[in-house]
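First the structure, then my questions, so here it is.
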Amino acid sequence: MSFSSLVQDLALRDPDVPRRRGDASASTMDDRVSQFSVAKSYASTAATSVSISGDIGSQLHAGYSHPLARSWQAERQLTKSMLIYPLFISDQDDEEVPIPSLPNQCRRGLNRLIPFLEPLVQKGLRSVILFGVPMQPGTKDALGSSADDPNGPVIRSIRLLRQRFPHLYIVCDVCLCEYTSHGHCGILREDGSLNNQLSVDRISDVAVAYARAGAHCVAPSDMNDGRIRAIKLKLIEAGLVHNVTLMSYAAKFSGCLYGPFRDAAGSAPSFGDRRCYQLPPGGRGLARRAIVRDINEGADIIMVKPAGQYLDIIADAKELGRDLPIAAYQVSGEFAMIHAAAKAGVFDLKTMAFESTESILRAGATIIISYFVPEFLDWLDS
């Protein structure tokens with residue numbers, strides 16, 4: 001019922017309002033105005049009783065009726081300083097090869113790196129995470145010996161980026177999977193299982209090598225038990241612990257969302273899988289224990305990976321590490337799915353990129369590792 005219809009209906013129901021045409025002539029104009037005002041008051045009261053069911057606090061629309069007011073409703077708003085962009089660095093200096101399963105992403109050599117990054121830095125890129133990709137024959141072995149090669153792609157990239165972009169924050173992924181002949185994230189026993197002790201010793205050496213080269217942050221992604229403590233102790237011994245951040249992939253889950261990354265990094269296992277050292281998808285309790293363990297071992301930042309399917313774990317990480325920054329990695333499979341669905345007309349790419357990222361922020365993350373970073377640098381300015 002419209003407001004005017006409600007007024008008319010109430011006026012007709014009021015015993016003081018004349019119903020017959022003859023009675024109307026006996027009423028003055030003031031009486032009619034008064035009666036109409038009373039009817040409007042009745043209508044307003046009736047409309048309010050219809051629209052409010054419960055406490056007056058149920059009226060919420062005004063709080064997000066304006067675009068700026070809507071932005072104020074978010075506990076965290078996406079900014080450029082929250083973003084870290086993944087880079088795949090080849091040991092072939094002139095290489096720039098698109099990754100078919102990872103839209104708009106390439107594997108690049110050092111000679112292609114600066115021309116690619118320069119416009120992004122000018123737009124506000126603040127941080128990158130480096131993944132080395134050895135392509136030359138003979139660079140992979142059972143121990144991942146080339147991971148900390150001074151002439152390898154990561155250490156050379158660190159030095160180049162520190163020189164050319166002194167304000168760019170450089171994170172280095174620390175793992176052996178790209179450098180081992182078997183593609184697993186550590187050193188193996190004869191039976192093919194992971195040798196945790198030898199792997200931790202090797203991983204921690206690689207982390208210190210990246211720190212010595214100038215990395216601002218080292219981020220071990222191998223998921224070996226005790227690697228955070230080992231890296232922290234070696235950073236202390238090297239006199240680097242005061243200015244090198246330790247970001248732990250504390251809750252890294254196994255699953256099917258890493259395929260495009262493995263295409264880019266050439267890091268797929270040659271046999272078996274990683275389920276014995278990456279977390280099972282349903283293992284929330286294990287994730288919580290891993291987060292607490294890595295906090296106690298000295299992690300400065302806690303990361304959850306993947307992001308979109310594990311928003312509850314991001315919230316857990318924020319609860320358990322309430323005084324630490326929480327990072328989340330929207331992994332290659334998540335990124336590729338969003339692109340595929342947008343290409344199929346399911347939704348708008350930009351809208352979903354923001355919605356998926358804002359859900360990660362809402363869950364508790366304050367650092368986002370994303371392949372959408374180049375687009376966000378433009379979108380956040382528009």
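We count residues from 1, following the sequence as given.
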Test side chain to side chain contact (heavy atoms under 4.5 Å, CB included) applied to I291 and I302, I326, L324, L286, the passing residue
I302
With hydrophobic residues grouped by side-chain heavy-atom distances under 4.5 Å, do F165 and L113 end up in a single group?
yes
Measure up the H216 and Y169 rings against each other and bin them: parallel (under 30°), tilted (30 to 60°), perpendicular (over 60°).
parallel
So Q197 and I187, do their side chains get closer than 4.5 Å, heavy atoms only?
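Counting from C-beta outward, I187 and Q197 never come under 4.5 Å.
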Compare all side-chain heavy atoms of M82 with those of L361 and state whether any distance is below 4.5 angstrom.
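When only atoms from C-beta onward are counted, L361 and M82 do touch, with a gap below 4.5 Å.
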Please report the C-alpha distance between I114 and L161 in whole Å, then the side-chain angles of each, then the deciding distance to 0.1 Å, and finally whether the side chain to side chain contact (heavy atoms under 4.5 Å, CB included) criterion is met.
CA-CA 8 Å; I114 299 304; L161 295 177; 4.1 Å; yes
Which word best sums up how the rings of Y329 and Y249 line up, parallel for under 30°, tilted for 30 to 60°, or perpendicular for over 60°?
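Tilted: the ring planes of Y329 and Y249 meet at 30° to 60°.
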Closest non-hydrogen atom pair, S370 against Q330
OG-OE1, 3.8 Å
Could you report the tightest heavy-atom contact between Q278 and S254, atom names first, then the distance?
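What the structure gives for the nearest pair is OE1-CA, 3.4 Å.
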Salt-bridge test for K252 and D222: reply yes if a basic N is under 4.0 Å from a carboxylate O, no otherwise.
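Result for this pair is no, no salt bridge flagged.
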State the CD1-CD distance between I368 and E358, to the nearest 0.5 angstrom.
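Going from the CD1 atom of I368 to the CD atom of E358 covers 10.5 Å.
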So T357 and F376, do their side chains get closer than 4.5 Å, heavy atoms only?
yes
If you draw a 6.0 Å radius around CZ in R288, do more than 12 non-hydrogen atoms from other residues or ligands fall strictly inside?
yes
List the steps, then state whether side chain to side chain contact (heavy atoms under 4.5 Å, CB included) holds for Y179 with V206.
CA-CA 12 Å; Y179 305 95; V206 173; over 6 Å; no
Under the side chain to side chain contact (heavy atoms under 4.5 Å, CB included) criterion, do Q309 and F253 qualify, and how do the steps go?
CA-CA 10 Å; Q309 281 80 350; F253 289 84; over 6 Å; no
Are F116 and V97 in one and the same hydrophobic cluster, where Ile, Leu, Val, Met, Phe, Trp and Tyr link if side-chain heavy atoms are under 4.5 Å apart?
no
What heavy-atom pair brings V174 and A207 nearest, and what distance separates the two atoms?
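Nearest heavy atoms, V174 then A207: CG1-N, 3.9 Å.
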Within the supplied structure, the quantity of interest is the number of heavy atoms (other residues, nucleotides, ligands) at a distance under 6.0 Å from E319 CD; does it exceed 12?
yes
Hey, are D201 and K234 close enough for a salt bridge, meaning a charged N less than 4.0 Å from a carboxylate O?
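So D201 pairs with K234 through a salt bridge.
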Value rounded to 0.5 Å, distance of CG in D148 from SG in C172:
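Spacing of CG (D148) from SG (C172) equals 12.0 Å.
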Please check this pair: side chain of R162 against backbone of G214, looking for a donor-acceptor N/O pair closer than 3.5 Å.
yes
Looking at CD of Q122 and CG of L117, how far apart are the two atoms once the value is rounded to the nearest 0.5 Å?
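Separation between the atoms: 11.0 Å.
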Nearest 0.5 angstrom please: L168 CG to R126 CZ, how far?
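Reported to 0.5 Å precision, the distance equals 9.5 Å.
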Test: salt bridge (Lys or Arg N to Asp or Glu O under 4.0 Å). Region: residues 329-356. Which pairs qualify, not counting sequence neighbours?
none
If you measure only the distance, is there a donor-acceptor pair under 3.5 Å linking the side chains of S221 and D173?
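S221 vs D173: donor-acceptor pair found between side chains.
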Looking only at atom types and distance, does a side-chain atom of R227 sit under 3.5 Å from a main-chain N or O of V200, one as donor and one as acceptor?
no
Side chains of R212 and L240: does their closest heavy-atom pair fall under 4.5 Å?
yes
Quick one: are L110 and D91 in side-chain contact, heavy atoms under 4.5 Å?
no
F347 and A341 have their tightest heavy-atom pair at CZ-CB, 3.3 Å
Are any of the side-chain heavy atoms of F88 and I99 separated by less than 4.5 Å?
yes
So, for I295 and G321, which heavy atoms are closest and what is the spacing to 0.1 Å?
CD1-CA, 3.7 Å
Donor-acceptor contact present, side-chain T180 to main-chain L143, <3.5 Å
no
What do you reckon, is CD of Q73 surrounded by more than 12 foreign heavy atoms closer than 6.0 Å?
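Enclosed.
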pair V128-L130: side-chain heavy atoms closer than 4.5 Å:
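In contact.
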Please report the interatomic distance OG(S127) to CD1(I170), rounded to the nearest 0.5 Å.
8.5 Å
Is it true that D300 and K232 make a salt bridge, defined as a side-chain N closer than 4.0 Å to a carboxylate O?
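A salt bridge links D300 with K232.
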Between S193 (side chain only) and R189 (backbone N and O only), is there a donor and an acceptor less than 3.5 Å apart?
no
Is there a donor-acceptor pair under 3.5 Å between the side chain of R108 and the backbone N or O of I89?
no
Side chain K80, main chain D381, donor-acceptor under 3.5 Å:
no
Between CZ on residue F335 and OG on residue S356, distance to nearest 0.5 Å:
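The OG atom of S356 is 10.5 Å from CZ of F335, to the nearest 0.5 Å.
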Going by heavy atoms in the side chains, are F372 and H339 under 4.5 Å from each other?
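A side-chain contact under 4.5 Å exists here.
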Check whether S146 reaches the backbone of T139 with its side chain - one donor and one acceptor, N or O, closer than 3.5 Å.
yes
By salt bridge (charged side-chain N to carboxylate O under 4.0 Å, His left out) - contacts of D94 (at least two apart)
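Salt bridge (charged side-chain N to carboxylate O under 4.0 Å, His left out) list for D94, sorted by chain: empty.
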How far apart are the closest heavy atoms of C175 and I203, and which atoms are they?
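Looks like CA-CD1, 3.8 Å.
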CA sep, side-chain torsions, deciding dist, call: L380, F354, side chain to side chain contact (heavy atoms under 4.5 Å, CB included):
CA-CA 10 Å; L380 289 169; F354 270 103; 3.9 Å; yes
How about CZ on R164, more than 12 heavy atoms from neighbouring residues, nucleotides or ligands closer than 6.0 Å, or not?
no
Neighbour count above 12 (heavy atom, 6.0 Å) for R293 CZ
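For R293, atom CZ is crowded (more than 12 foreign heavy atoms under 6.0 Å).
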